[in-house]
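Since we're looking at a predicted model, the values are computed, not measured. Here is how names work: the chains are called A, B, and so on, in the same order as the sequence lines, proteins then strands, and each is numbered from 1.
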Amino acid sequence: MIVQTPTKYFLVSGCAEGLTELNAFDAALINAGAGNTNLVRLSSILPPRCEEIPPVRIPQGALLPTAYSSITSDEPGRVLTAAVSIAFPEDEDHCGLIMEYHDFARRADVEEKVCQMALAGMDFRGQKVKRVESLACEHVVRETGAAFAAVVLWN
Amino acid sequence: MIVQTPTKYFLVSGCAEGLTELNAFDAALINAGAGNTNLVRLSSILPPRCEEIPPVRIPQGALLPTAYSSITSDEPGRVLTAAVSIAFPEDEDHCGLIMEYHDFARRADVEEKVCQMALAGMDFRGQKVKRVESLACEHVVRETGAAFAAVVLWN
Amino acid sequence: MIVQTPTKYFLVSGCAEGLTELNAFDAALINAGAGNTNLVRLSSILPPRCEEIPPVRIPQGALLPTAYSSITSDEPGRVLTAAVSIAFPEDEDHCGLIMEYHDFARRADVEEKVCQMALAGMDFRGQKVKRVESLACEHVVRETGAAFAAVVLWN
């Protein structure tokens, strides 16, 4: 069965410096607690009745379905924020919506925007929203930095 | 078994406006009938003897292997087209080739090009082509818009 | 079980020309021996005790978890290199790290850098490195070209 539906999720975020932008991204994943895995990037729905769990210890090298936001830069002094949000529907039989956003901006602004995006997406669906959850990481680049935020899906 | 091969497929396309480019993309997926799922992006082969089916009602939040094209813009008045094509081989034991193309251009031009791309790819393989199938969506941006076209793989 | 961990791997690389940049990418995959498959892109860990195998004949259209680097250009005369590396830990219970890098540069420079990146990433983890493996493909663009290098994961 190729088409599968996750049943659990958790949010993580992290920031880091690295030798290159990819090294900084890799280190940000480790700081987030999602490192040493193989992220498989998703566009980005929380299945109905998907249950939040504490971040789990993921087997090293596992293929991990993940909706994520990331931003990297090698310009010292730049402010980076990556953020994710989830809008949960009042109707428990409907899926939730995950949104990702990143910008060269402060955490408060980026996190506010990613929450507005999730609300707008549920409004487009005609779904009433029960609550919105979000997580973000802000980083000021020293040499080469990355910010990362993700919803990890699991079962 | 990590390595799996789909056995069915269908084509979808859609366009939409949204609060942000990601919201427009999300809404275009819904208009296409592939919304509320977790697209896993593929590079982009139709397995041999893969069978076309009518678009199915996908479980919300399912991980969905998909080859897709998308384009977004927040410049009012711009014309956006996203297109996919499939070239089917005469030899039924050989795979087909999926191609994706998008541009700030009219549907006729983008769809013609994506079909040429699929033909060229099969020619590179030395495979005779039985027929080419394609689908595209053209959108004129009002504020922030997206066009999306995809081959959804299934089994 | 959605979360899975590969147990085998192999490296491939290839370069090619094509009608468009996507056609060149598609042809580079074929030249690399990873063509006619559906690559699912990963960020990019080698599971502990993952075993190297000779490149296998992959079923056409199979979903193939792959960490890869690619670069394309339609500027005649440009030099393109795509490279991947794997740093293997002394501690066999720890994962290895895959890095990807591409640039408009010669193979020797790009391959050296991608190895440095893998070493830096293992240093960040506090892991001693037993050895580094790498593979790259350099291409001089005639009309429209692509370079591709990958670690294919398998089980």
Side-chain angles (χ1 to χ4, degrees), chain B residues 1-9 38-50 61-67 69 83-87 89 91-103 110 113-127 151-155, chain C residues 1-10 14-32 34-43 47 50 53 55-70 72 74 143-146 148 150 152-155:
Chain B
M1 174 60 171
I2 287 178
V3 176
Q4 297 169 303
T5 306
T7 59
K8 297 184 177 65
Y9 76 94
N38 282 304
L39 301 185
V40 178
R41 195 170 198 170
L42 305 176
S43 78
S44 53
I45 294 294
L46 193 77
R49 300 172 192 283
C50 202
L63 309 186
L64 199 63
T66 305
S69 167
V84 290
S85 64
I86 309 175
D91 176 0
E92 287 197 339
D93 293 329
H94 196 279
C95 62
L97 177 61
I98 302 169
M99 280 279 164
E100 310 93 36
Y101 187 63
H102 63 264
D103 200 359
V110 174
K113 181 150 185 183
V114 80
C115 290
Q116 289 170 345
M117 291 167 66
L119 287 169
M122 291 301 265
D123 186 58
F124 180 84
R125 286 164 170 81
Q127 290 294 318
V151 180
V152 177
L153 296 176
W154 190 261
N155 71 339
Chain C
M1 173 61 170
I2 287 177
V3 176
Q4 297 170 303
T5 306
T7 59
K8 298 185 177 62
Y9 76 95
F10 54 93
C15 294
E17 293 280 309
L19 174 70
T20 64
E21 295 186 41
L22 184 56
N23 282 101
F25 173 79
D26 174 61
L29 263 62
I30 289 178
N31 286 344
N36 291 333
T37 67
N38 283 304
L39 301 185
V40 178
R41 195 168 198 171
L42 305 175
S43 77
C50 203
I53 57 172
V56 299
R57 193 174 163 79
I58 304 152
Q60 290 193 346
L63 308 186
L64 199 62
T66 306
Y68 67 85
S69 168
S70 74
T72 61
D74 59 4
E143 293 183 15
T144 303
F148 170 80
V152 177
L153 297 175
W154 190 261
N155 68 340

Legend entry - Region of C/Ile30 in contact with chain B, defined by heavy-atom distances below 4.5 Å: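 Side chain of C/Ile30 only, per the 4.5 Å heavy-atom cut-off to chain B.
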Inset, instruction - Pick whichever of B/Ile45, B/Leu46, B/Leu97, B/Asp123 has the most heavy-atom pairs under 4.5 Å with chain C. - result: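 Of the options given, most contacts go to B/Ile45.
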Inset, instruction - Look at the aromatic rings of C/Phe148 and C/Tyr68 and report parallel, tilted or perpendicular, splitting at 30° and 60°. - result: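 C/Phe148 and C/Tyr68: tilted rings.
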Inset, instruction - Check whether the side chains of C/Thr37 and C/Gln60 place a donor and an acceptor atom closer than 3.5 Å, and report yes or no. - result: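 Result is no, nothing qualifies.
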Inset, instruction - Pick one of side chain, backbone, both or neither for C/Leu22, based on which atoms fall under 4.5 Å of a heavy atom in chain B. - result: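 For C/Leu22, backbone and side chain are both near chain B.
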Legend entry - Sub-4.5 Å side-chain heavy-atom contact between B/Met99 and C/Asp26: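 Yes - at least one pair of side-chain heavy atoms lies under 4.5 Å apart.
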Legend entry - Under 4.5 Å from any heavy atom of chain C - which part of B/Asp93: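 Answer is backbone: N, CA, C or O of B/Asp93 sit under 4.5 Å from chain C.
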Inset, instruction - For residues B/Leu42 and B/Thr66, determine if any side-chain heavy atom of one lies less than 4.5 Å from a side-chain heavy atom of the other. - result: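 No, too far: nothing below the 4.5 Å cut-off.
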Inset, instruction - Measure B/Ile98 against the heavy atoms of chain C and call it side chain, backbone, both or neither at under 4.5 Å. - result: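 When you check distances to chain C, no heavy atom of B/Ile98 falls under 4.5 Å.
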Legend entry - Flag for B/Ser69-B/Glu100: side-chain donor and acceptor within less than 3.5 Å: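 There is no such pair between these side chains.
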